[in-house]
Amino acid sequence: MSDIYVVYFSSTGNTEEMAKHVADGIERKGGNPILTEIGSADPDHLKEASAFALGCPACGAEELDESMESLIEEISGSLEGKHVGLFGSYGWGGGDWMREWEKRMAERGAKIVGGEGVIALESPDGDAEKQLKNLGEALAELGAQA
Ligand SMILES: Cc1cc2nc3c(=O)[nH]c(=O)nc-3n(C[C@H](O)[C@H](O)[C@H](O)COP(=O)(O)O)c2cc1C
């Protein structure tokens, strides 16, 4: 059973809820989700993994939280060829922070699972929940192939 890390930052719980749906999807395909709040994440685990997910809401002005920025900086040299799922909640923008995040990860060689990050307006609705579970399933399958 492959361990799949789901590392997230969430200040009011919406992205955390999203992370739990990703974890459900991983379990559905027989993977072992390791749901980790970013403060407890070990970058070395991500450097060694072939597939993992990162979650962060839109913060600042269409920005990632500093904690996610630091984590990305730490692992940026090891993203080539990795399957990375991205997700996060937002409040009023059109998802610009996610489009920028996808671009930056792809520039470092990461393959964005599903082609783009999953976003949810505040708390994830049924549609977002489905997309997040699908993301988890895809990660479990990709992680098992490694
Ligand atoms: C300080 C701050 C800055 C924010 N900046 C943005 C933003 O630039 N664009 C946006 O769409 N939402 C923004 N939001 C809204 C959050 O992304 C939204 O409430 C989200 O659901 C929070 O997710 P969380 O519960 O996982 O922390 C901001 C919220 C706060 C508190």
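Both ligands and their constituent atoms are indexed starting at 1 by order of listing. These figures come from a predicted structure and were not determined experimentally.
Residues meeting the salt bridge (Lys or Arg N to Asp or Glu O under 4.0 Å) test with Asp96, sequence neighbours left out: none. In terms of the salt bridge (Lys or Arg N to Asp or Glu O under 4.0 Å) criterion, residue partners of Asp24 (sequence neighbours excluded) are, by chain and number, Lys133.
Ring geometry, His45 versus Tyr5: the interplanar angle falls under 30°, so the pair is classed parallel (tilted spans 30 to 60°).
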TODO: Tell me, with the steps shown, if Tyr8 and Glu16 meet side-chain hydrogen bond (donor to acceptor under 3.5 Å, both in side chains).
DONE: CA-CA 7 Å; Tyr8 65 92; Glu16 180 176 29; 3.1 Å; yes
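The salt bridge (charged side-chain N to carboxylate O under 4.0 Å, His left out) contacts involving residues 60-86 comprise Glu69-Arg104, where partners must be two or more places apart or lie in separate chains.
Near ligand 1, residues Ser10, Ser11, Thr12, Gly13, Asn14, Thr15, Pro57, Ala58, Cys59, Gly60, Ala61, Glu62, Ser89, Tyr90, Gly91, Trp92, Gly93, Glu122 come within 4.0 angstrom through at least one heavy atom.
A donor and an acceptor atom, one from each side chain of Glu17 and Ser123, are located under 3.5 Å apart.
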